Structure formats: C-alpha cells, structure tokens
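One-based numbering, in listed order, for ligands and for the atoms of each. This is a predicted model, so every value here is computed, not measured.
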Amino acid sequence: MTTIDFHLFQVAAPTADEMTAAYAALHARLDAATSDDQRHAALRDWDAIRRRIETWEALVGLRFQQNTQDPAARAEREYADGLRPKLTELSVVLKRRFLQPPLRSIVAQTYGDYVLALWEADVLTFEPAIADDLVAESKLEADYTDLLSSAKIDFRGSTCNLSEIVKYREDANRDTRHDAEKARWSWFAANRPALDSLYDQLVGLRTGMARKLGFDDFIGLGYKRMKRVDYDQADVERFRADVREHLVPLAVELRKLQAQTLGVDRLRFWDEGVHDPRGNPAPQGDHDWMIDRATEMFDAMHPEIGGFFRLMNDAHLMDLKNRKDKAPGGFCTSFPDFGVPYIFANFNGTKGDVEVFTHEIGHALQGYLSREQPVVDYLWPTYESCEIHSMSLEFLTWPHMDKFFGAGADRFRKIHLAQSLLFIPYGVAVDHFQHLVYASPDATPAERHGMWQQMERTYLPWRDYGDLPHVDQGGLWQFQRHIYLSPFYYIDYTLAQTCALQFWVRANRDFTGALADYLALCRRGGEAPFQELAKSAGLISPFTPNCLRDVAAQARAELAKLA
Ligand code: ZN
C-alpha cells in the first residue's frame with residue numbers, strides 16, 4: 001500500500017516548449033489515426049496531460065498562499081501565471097478540434113454530451129489575441145491579493161492582519177466591535193486610491209477582452225468563463241427578484257429581532273456580526289482539539305466520511321492555523337494526479353472556524369468521492385453546484401455541534417441559520433453590483449461606489465454604518481475578494497445556499513435519507529450541469545418561481561423553535 005503524504009507531492013514544472021511538443025504530438029496522432037481505438041487513446045492521453053497541469057497549478061497556487069513572502073513560491077506563481085495563456089491556447093485549439101466531426105462523436109461516446117457543452121463554453125473565452133491581456137489580468141489580481149495580505153492594522157497595542165481583525169466583529173463588547181471596525185475600514189480608506197485603480201484597470205481589461213472575443217460587454221464572457229450552460233442572465237435576474245420578494249423582508253425582520261436581543265435601539269454595522277448579548281458562542285478548544293472533535297463527528301456520521309477525514313489528517317492535507325504571511329481566506333483545492341483534495345483556512349477562535357472548516361471539508365469530500373470520474377472536466381462541477389456540497393455539510397453536521405460548542409450548540413444553530421438566510425440578500429447584492437459595473441465599464445470609481453450604495457438600499461435596507469470611514473461612502477465591496485478575483489462567482493453561493501437550506505429541511509425530517517442523497521450527489525462530481533445535479537438529489541431549482549417562499553417559511557418556524 002502506498003502512503004499518501006502531501007509533503008512528498010512533487011510535479012515537474014512544464015515548459016512552453018515541452019507542452020507545445022506534447023500537443024503537436026497529439027495532433028499528429030489524430031491526423032494519422034485510422035481507427036476509433038487510436039482516437040480514444042489520444043483523448044485519454046490528453047486527459048492525463050491536463051491532470052498533471054492541474055495538479056502542478058494547484059500546488060504552485062497553494063504554496064504561494066501558504067507563504068506570500070517566500071520569494072521562491074512567488075517566482076513559481078509568477079511563472080505559472082505567465083505560462084497559463086499558452087496552456088489555455090493549446091487546450092482550446094484541441095478542444096475545437098474535438099468539437100468537430102468525426103472526433104465529436106468519439107468524445108460523446110467516451111464521456112457523454114455534457115463535456116461538449118463545457119468545451120463549447122471554453123472555446124468562446126479564448127483567442128490568441130487576448131493572451132497578453134490574460135497575463136496582465138493575473139498580475140492585477142495578484143497585486144490585489146498582495147495588497148490585502150500586506151495589511152498591518154494597529155488595534156489596541158497589537159498588530160493585526162485582515163484575517164485577525166475581523167474576529168472582533170463577534171466580540172461581546174460593543175465598543176471593541178466598533179473600534180475594531182473603525183481600524184479595519186481606516187485601512188481600506190487609506191488604500192482606496194490603490195483599490196479603486198486596481199478595479200478600474202481590471203474592469204477595463206476584462207471589457208477589452210470581451211470585445212476582442214465578440215461579446216458586447218464582459219457580462220456574457222463572464223458567464224461563459226463560469227461555464228454556465230443551463231441558465232442565463234434572465235434566470236439569475238428572476239432569482240434576484242425572488243430574493244427581493246421573499247428574503248429581504250425576512251432579513252429586515254431578523255435584523256429587528258437582533259437589535260431587540262442585543263438591547264440596542266439602532267443596529268449599527270458593527271453589531272451585525274453578533275446575535276447574542278453574551279457574544280457569539282465560540283469553539284471550546286484550539287486547533288488540535290477541533291481536529292479531534294471533527295474526527296469523532298465524522299466517524300459518527302458515516303464510515304465513509306470518517307475514513308476520508310482520517311486520510312485528510314494523516315496525509316497532511318489541511319492547513320488551518322492562522323499565521324503571519326499566510327494569505328487570508330479559506331478554500332479547497334485538489335491534486336488530480338494524487339486523487340486527493342486539500343483545505344486551507346485561517347482559524348481565529350470564533351464560531352466561523354467551525355463554519356469554514358465544515359464548509360471546506362464539504363468541498364473536499366465531494367472532490368474525493370468523485371475522484372474516479374473519467375475526465376478532468378467532471379472532477380468538480382461548476383461552482384454553484386460545488387457550493388451545494390460545502391454549504392449543505394455545514395447543515396448536515398448540525399447534530400454534532402454540541403461537540404464543539406457544548407451548551408452553546410443551540411445558540412450556534414440559531415445564529416448559523418439566521419446568518420445563512422441573511423447571507424442571500426448580501427450575495428445577490430454582490431452579483432447585481434457586478435452586472436451594473438460591467439454594463440457601464442466607463443463609469444468612474446466614484447460612480448461605482450454609488451452603484452454599491454444603490455445595491456445596499458435595495459438588498460440591505462437596514463444597514464447603518466454610523467461613523468465608519470470608507471463604507472459609509474459605498475466602499476464595502478472592496479473587501480470582497482471575488483469582485484476582484486472571480487467576477488460573477490458570487491451568485492453561486494446564493495443558489496447553492498438555497499439548495500443547502502432544502503437539504504437542511506429534509507435532514508430535519510429524515511437525516512439518513514438526506515445524507516444518502518448528499519453522498520450520491522458528491523459522487524456525481526461534475527458529470528452534469530447545475531439544475532440536473534440538483535434535481536437528481538431531490539432539490540428544487542432556485543430558478544423555479546417562489547422556490548424561496550417555502551424555504552423562508554420553514555426557516556421562520558425553526559427560528560421560532562430555537563428561540
Ligand atoms: Zn465554498
């Protein structure tokens with residue numbers, strides 16, 4: 001038996017010449033092929049090349065995020081960013097070839113029709129004419145990550161990074177919350193010119209690429225980049241309308257209740273993270289203690305999940321502690337050559353640690369359970385489906401929250417549910433904002449801040465920033481990394497949350513059945529588009545009118561019970 005250990009993972013960096021030669025060899029084999037067996041073999045060998053590239057890119061990206069100040073890791077990341085357009089070009093040319101007869105039917109026989117739809121989206125997102133723009137885009141995105149990672153915020157005698165300062169959002173003391181938010185947003189105010197300029201350049205660059213590719217604006221290209229093949233802008237707008245009708249009023253009620261619970265007459269921005277006058281419940285131990293509790297929890301849930309978690313732990317596939325020079329945030333990545341995922345987080349001692357942990361483990365579990373999918377495109381679904389696995393596991397672990405929070409478990413559940421509901425209007429605001437931005441790419445930075453304020457009035461009408469700098473002028477969105485790094489990747493969370501809440505409703509009635517459907521969904525990986533995957537797991541598509549009405553009703557009932 002081979003032992004999997006992250007510390008031993010090595011993948012040689014590909015070079016442009018090596019890859020050009022490898023692709024030329026595949027084309028030559030297809031030219032010379034006289035049988036379908038030979039065509040199938042070329043298709044499978046190409047998949048192996050793509051797995052190696054994905055594994056290498058994931059390792060390079062991860063090692064940089066683990067230490068953004070390591071010059072060697074940075075140099076590798078920059079090398080990978082520089083090589084990516086060449087790799088994209090080689091791959092797009094071959095995809096175009098496989099989309100044409102007679103090869104098209106070889107692909108369909110081997111992997112089914114869905115991969116053809118994915119590749120049809122891909123080939124619309126690239127022409128050699130935008131290769132230099134893509135390098136420039138990566139560079140600007142890296143500059144944004146660097147700027148946020150470099151933040152040093154003085155707060156009450158200590159120096160915090162942006163991951164550390166946000167823990168005070170949940171402090172029981174109102175002055176502490178206020179002062180920490182003031183310190184955080186003062187950093188953003190001081191860096192507003194740089195943040196405005198980076199985004200302005202990104203919007204200009206992305207719009208330019210879209211026009212070179214024949215789109216009117218970046219919105220169409222953004223959807224293709226997200227590989228949306230079974231819904232469009234009109235579907236998303238219908239969902240946003242459903243949110244305005246069913247969830248914004250519920251969110252307003254929840255915020256009123258929250259103010260009453262906290263005993264304040266006006267709920268300010270710095271109060272929004274706290275739902276309990278004692279402060280939010282926090283996990284009752286440190287990182288190592290949490291790993292032990294998680295091992296017990298996953299063993300109790302299902303033997304397959306327990307075994308998977310032991311592998312994650314034993315093979316060093318988790319980096320969860322906050323430390324200096326580590327990039328902020330949490331994510332899951334994976335190494336197709338080794339058949340395992342990896343999770344990254346920055347624990348800070350709040351309940352968010354448990355939420356981020358169960359969320360990222362949900363992604364990792366799906367990545368692991370679908371590792372035998374036959375083509376690299378099916379290892380992960382598109383993002384709105386990926387987030388179903390992560391957000392649903394946050395709910396499916398509810399029965400075990402006593403392990404982490406002791407007597408505070410019900411308080412945790414109530415807050416988790418309230419925040420999940422409150423998240424949807426925010427997530428939709430982030431999405432709607434980006435539609436406004438890319439529809440008017442020539443807007444000034446000040447006009448963009450005005451667009452964000454319009455979104456806050458629509459989706460977050462209770463919001464009161466008091467005396468905080470920057471955010472009272474429409475600057476909150478500049479902390480939301482997806483807006484800079486992953487355009488139009490945000491509605492995905494709200495679509496998935498709508499599905500996760502349905503899993504939560506079902507788990508309350510029939511936990512075993514809900515878990516079985518969940519694991520079956522994980523195993524399917526990305527072999528089908530969003531609405532088909534959701535349907536196969538017994539979920540109602542969020543694009544079905546009034547989908548949120550029932551979820552909102554169930555949530556109201558449950559919140560009343562937990563109160
Ligand atoms: Zn996620």
Side-chain angles (χ1 to χ4, degrees), residues 54 58 61-62 65 141 145 163 166 225-228 294 298 305 308-309 312 317-320 326-335 340-348 350-371 379-398 416-417 419-424 426-431 434 479-504 518-519 521-526 529-530 533-534 537 539 542:
E54 279 211 1
L62 174 63
Q65 307 235 46
E141 291 170 1
T145 302
S163 301
V166 294
R225 279 190 182 189
M226 296 297 292
K227 303 177 197 280
R228 290 175 184 160
F298 291 130
I305 308 180
F308 151 77
F309 186 69
M312 293 296 287
L317 296 169
M318 301 187 281
D319 177 358
L320 308 174
K326 194 171 157 179
F331 61 83
C332 172
T333 185
S334 76
F335 313 114
V340 289
Y342 189 102
I343 68 168
F344 177 100
N346 282 278
F347 281 0
N348 63 9
T350 66
K351 71 174 178 58
D353 295 352
V354 176
E355 290 162 335
V356 170
F357 173 73
T358 52
H359 179 101
E360 301 306 338
I361 283 288
H363 285 307
L365 178 63
Q366 177 258 302
Y368 185 69
L369 292 181
S370 63
R371 68 192 180 283
L379 292 177
W380 295 93
T382 44
Y383 291 121
E384 72 296 271
S385 307
C386 279
E387 299 301 340
I388 302 178
H389 311 119
S390 54
M391 291 176 149
S392 300
L393 194 66
E394 293 180 43
F395 284 112
L396 292 169
T397 52
W398 263 31
H416 179 223
L417 178 57
Q419 288 185 331
S420 300
L421 295 162
L422 288 165
F423 170 75
I424 294 178
Y426 170 73
V428 165
V430 169
D431 178 68
Q434 294 180 82
F479 99 99
Q480 189 60 62
R481 41 199 280 124
H482 301 70
I483 293 176
Y484 285 80
L485 307 181
S486 315
F488 296 109
Y489 179 174
Y490 216 73
I491 197 71
D492 299 63
Y493 291 111
T494 65
L495 298 172
Q497 189 73 280
T498 303
C499 293
L501 286 162
Q502 295 179 54
F503 261 125
W504 166 75
Y518 171 78
L519 290 172
L521 180 69
C522 287
R523 270 185 209 100
R524 295 197 72 185
F530 170 58
L533 287 174
L539 304 166

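Distances under 2.8 Å from the Zn ion (ligand 1) pick out the protein N/O/S atoms H359 NE2, H363 NE2, E387 OE1, E387 OE2.
Relative to the ring axis of F530, K227 does not place its NZ or CZ within 45° and under 6.0 Å from the centre. Y368 carries R371 over the face of its six-membered ring, with the cationic atom under 6.0 Å from the centre and within 45° of the normal.
In this structure, F309 has its ring center closer than 6.0 angstrom to the ring center of F357.
Between E394 and S392, the side chains place no donor N or O within less than 3.5 Å of an acceptor N or O (distance only, hydrogens not considered). Donor-acceptor pairing under 3.5 Å is lacking for the side chains of W380 and H363.
Listed by chain and residue number, H482, Y489, Y490 satisfy the ring-ring contact (aromatic ring centres under 6.0 Å, His included) test with Y493 (two or more places apart in sequence, or in another chain).
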